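Excluded from the calculations below are hydrogen atoms, water molecules and symmetry mates; all remaining heavy atoms, backbone and side chain alike, are included. Start at 1 with the first residue, then count along the sequence. This one's a predicted model, so the numbers in the text were calculated from it and none came from an experiment.
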Amino acid sequence: MDDLYDPFLKLCYLIYIISFLTLISSTEDKITATTSISGDKTVVSAGGGNFELGFFKPGTSSNFYIGIWYKKISLHTVVWVANRDGPITDKNSFELTLLNGNLVLKEVSNRPNSVPIWSTKLKPTTRKSVEAVLLDSGNLVLRDGPNGSEPLWQSFDHPSDTWLPGGKIEYNKKTKQSQQLTAWKNVDDPSPGLFTLEIVPDTKSYVIMWNKTKQYWTSGEWNQEQQIFSLVPEMRLNFIYNFSYVDNENESYFTFDVYNPSVISRFVMDTSGQIKTMTWLEDTQQWNLFWTEPKQQCQVYAYCGAFGSCTLNSLPSCSCLKGFVPKSSNDWELNDYSAGCIRKTNLGCGILNSEKKDRFFVYNEVSLPENGHSVVATNSEECQLACLSNCTCNAYSYDTSGCSLWFGKLFNFQQLSVGDPTGKTLYLRLSASEFPSKSKKNLIIGIVVGLVALILCILGLYLVRRRMQKARSAESNNPVEGSLIAFGYKELQTATKNFSEKLGGGGFGSVFKGILPDSSVIAVKKLESFSQGEKQFRTEVSTIGTIQHVNLVRLRGFCSEGAKKLLVYDFMQNGSLDYHLFPDKSHATLDWPKRYQIALGTARGLAYLHEKCRDCIIHCDIKPENILLDSEFRPRVADFGLAKLVGRDFSRVLTTMRGTRGYLAPEWISGVAITAKADIFSYGMVLFELLSGHRNIEQTGDGVVKFFPTWAATIIAQEGDIMTVLDPRLEGNADPVQVVNICKLACWCIQDNEHHRPSMGQVVQILEGVLEVNMPPIPRSVQVFVDNDDSVMFYTESSSGISSTTRDSSSIHSS
């Protein structure tokens, strides 16, 4: 009997355990009338288990909030917060529960007359069937039982800073209210910050607002036919998100989803004041930035707060103006600059005729703050006096357009780069104590004069001694700025055997092979017609010397002796790409894996120059001759710093560069300001040459001009056999998917409108397989041939740059 009894008990116990686990699993995605969340308890979305709801503590904060975050990724990323304005300090003393048909966050003690910290604020009901369910889309839904047809309330209607796929940002025509994405205050504080994104229904567009009063970015109107915003042309290259617009009698809204459901993606109104779209990369365990607006941090209105200065390509971007300090140092450490800066010393208002009167600090090459007030003044002195006469005036500016005064707080001040033609001069009002007194100033001047005299004497003695040692100094290498070496001219002359073995040349000079005493092989570039000053040249060289990337040729050192300016690089064993690619220079065939490796490596190098350096570096002369190959045929972009080095001489080089046939973007000819997108165009032309193994422009013996991109674009447009554009020497030995992608990508890169071209970062992602590339429109310059077989586009060389040639059999056009 005991033998029968024991198995029976075990069976009952097993049934109990299974029933208990079933009960738990059936409620783990929801909150019902009998369940709640408190402490470490959470609910996980049913289906895929993508999201989790519970208490969380942001950053280094000691406060707790109810939120929703991604369950399956390693980096804790919150997408929705309930009690943004009502943090709690003890997650065990509060619970998220259902009360009178509402989801509420309240104290567990349930004291009489206690007010919930947060609530869904629906009309009270006694129904016990109401439940809160976390869906696998990240949407928290309050419904009347499992079969409730319409949500009573949902978190998608009350977004915080994140817009998830399937959600919407709407304008309610009945209540006349817009939904908003509102940035967190900072990484430790999810309370609503100053930056919001909302819809403008009349124009079918989105805008970003500062403090809900100042618009500083707009998407432009929605184009239903092209499915893009008019001022976001890069949406043509959007391969991840599918946006749509809905307009009916009750509401108008935008929504989006992802083409690939396996992609984890989010759209965020960031604390930086920029909207960002990001996708999760499992391999790197981090969020990958796909798109952001505004592009530059300093385009965000008042990002640095009152009396703060924003500087491009500087980290941190914000600093206080002279005479000011951060109002909240703790917030600044969290990259929250919204509180701005305050004066260290109050102004001496009303004091006009003594050393104690307020004075002005001069800021040159700045973007002036907004809301300046024009006043009548015939000169700068009158303008200054007008400011001093008003206690609320904090700054003035005077130029050919007249006198402007700024009263109260200064917002949106920006320090521009040296030489920026849009730069203005601002005179900032400060207390006299911020400046040295006259007596102290005179003492300082006397000390400085004495020091200068002493330095001149020492310098004179040094120059005499230097002249005596000049012959010997050329025999030694002098390290400059870390690993850079200052070579002597005679040393490089010896290393190159008097510059006898020429490797190549271009608009900036000729390159020669050399061997140093330690047997290391170098490439020496002699810069021709170069008039830059010694100090400026060394400064620029030092800057370029710090730029290191596996796909950029390393600068080892330089020589600067008077007019003799030379750069010393690592020697690349396999020379330049053109030598291995074009049949007139090489009899060997570069196989497809190497060509793809060269395309990807070159893109990575350019992406580093465009997007990772402190200052964006535009190469300005991308072509096979400037893509060098090491012993493993890995590409190294060369001459990437020469456009920066040339500086004011660049207009002279521009004529020479126009002789580089077939790689120049149309904007070079139109005379508009050149951006990094000019490099994208040149890179696209190189991609076509990697495909074909020939120059893009070739003239046959019978006088016919062939323009390869025209043929390739035609094949793409007609959805023909892309493999026919491949170099015949490869005999079809190439990955068809890679060939198609590169051909499409090349067409995107040579779009006439630079805004339609991808960024180099997107190019890298496409070649790495992270992004898909869709069918490109045929560029206008190429479309000419598609519409009329007698027309082709090409550049011809002339002493003055680009010219156009016309034949009887074919009409040749310049862009």
Side-chain angles (χ1 to χ4, degrees), residues 185-186 188-189 193-194 210-211 273 297-298 300-312 314-373 380-381 383-398 404-416 423-445 447-448:
K185 188 177 186 299
N186 56 54
D188 278 3
D189 186 355
L194 290 175
W210 172 81
N211 203 24
Q297 182 64 76
C298 292
V300 175
Y301 181 80
Y303 176 66
C304 298
F307 300 108
S309 171
C310 189
T311 305
L312 286 176
S314 173
L315 291 176
S317 300
C318 293
S319 60
C320 287
L321 296 177
K322 180 176 175 58
F324 291 79
V325 293
K327 186 175 182 179
S328 172
S329 298
N330 292 335
D331 286 346
W332 276 57
E333 291 177 0
L334 296 172
N335 297 326
D336 175 13
Y337 309 104
S338 57
C341 308
I342 56 175
R343 287 188 181 277
K344 292 189 291 185
T345 307
N346 292 331
L347 296 176
C349 183
I351 303 174
L352 298 178
N353 298 311
S354 72
E355 290 187 6
K356 294 183 180 181
K357 74 175 182 179
D358 297 333
R359 298 169 64 183
F360 292 86
F361 182 81
V362 182
Y363 276 99
N364 293 311
E365 295 177 312
V366 300
S367 176
L368 297 177
E370 293 191 0
N371 302 321
H373 297 265
S380 180
E381 288 72 20
C383 190
Q384 181 183 114
L385 184 59
C387 185
L388 285 173
S389 301
N390 191 311
C391 291
T392 61
C393 180
N394 283 307
Y396 79 92
S397 177
Y398 184 86
S404 296
L405 306 182
W406 280 267
F407 303 102
K409 296 178 179 179
L410 270 60
F411 286 102
N412 228 36
F413 180 94
Q414 181 180 341
Q415 182 67 60
L416 303 177
K424 303 288 186 181
T425 299
L426 182 82
Y427 298 86
L428 177 67
R429 185 176 181 177
L430 297 175
S431 168
S433 61
E434 295 291 338
F435 299 88
S437 64
K438 284 188 177 181
S439 57
K440 185 176 180 181
K441 185 176 181 181
N442 291 336
L443 177 62
I444 292 174
I445 291 174
I447 294 174
V448 169

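Distance CG/L388 to CD/E381: 12.0 Å, rounded to 0.5 Å. Note that OH of Y337 and CG of L194 are 14.5 Å apart. Values are rounded to the nearest 0.5 Å. To the nearest 0.5 angstrom, T392 atom OG1 is 8.5 Å from R429 atom CZ. The structure places CG of L410 at 5.5 Å from CZ of F307, a figure rounded to the nearest 0.5 Å. Atoms CH2 and OG, on W332 and S338 in that order, are 10.0 Å from each other to the nearest 0.5 Å. Taking CG from N335 and OH from Y303, the interatomic distance works out to 5.5 Å, rounded to the nearest 0.5 Å.
Every residue two or more places apart in sequence or in another chain that forms a side-chain hydrogen bond (donor to acceptor under 3.5 Å, both in side chains) with N394 is listed here: R343.
The two residues L428 and A395 have their closest heavy-atom pair at CA-CB, 4.2 Å. Contact between S433 and T345 at its shortest, heavy atoms only, is OG-CG2, 3.3 Å. In this structure, C304 and S317 approach most closely via the heavy-atom pair SG-O, 4.2 Å. Summarising the geometry of C383 relative to S404, their closest heavy-atom pair is SG-N, 4.1 Å, with the distance given to 0.1 Å.
Side chain of S397 to backbone of T425: a donor-acceptor contact under 3.5 angstrom is found. A donor-acceptor pair is defined here as one N or O able to donate and one able to accept, closer than 3.5 Å; no such pair exists between the side chain of E365 and the backbone of Q415.
The shortest distance between side-chain heavy atoms of Y301 and N211 does not fall below 4.5 Å. By the 4.5 Å heavy-atom criterion applied to side chains, P369 and F411 are not counted as neighbours. Between C387 and F360, some side-chain heavy-atom pair lies under the 4.5 Å cut-off.
Cys pair C318 and C310 fails the test of SG atoms under 2.5 Å apart.
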Q: List the steps and the verdict of side-chain contact (heavy atoms from CB on, under 4.5 Å) for F435 and F361.
A: CA-CA 9 Å; F435 299 88; F361 182 81; 4.1 Å; yes
Q | Trace of the ring pair (Phe, Tyr, Trp, His ring centres under 6.0 Å) decision for Y398 with Y427 | A | CA-CA 9 Å; Y398 184 86; Y427 298 86; 9.1 Å; no
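For residues 333-342, the set of pairs meeting the salt bridge (charged side-chain N to carboxylate O under 4.0 Å, His left out) definition, not counting sequence neighbours, comprises K185-D336.
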Exercise answer: donor-acceptor pairs, residues 320-328 side-chain atoms, under 3.5 Å, sequence neighbours excluded:
unit_1: S328; atom_1: OG; unit_2: D331; atom_2: N; d: 3.3
unit_1: S328; atom_1: OG; unit_2: D331; atom_2: OD2; d: 3.2

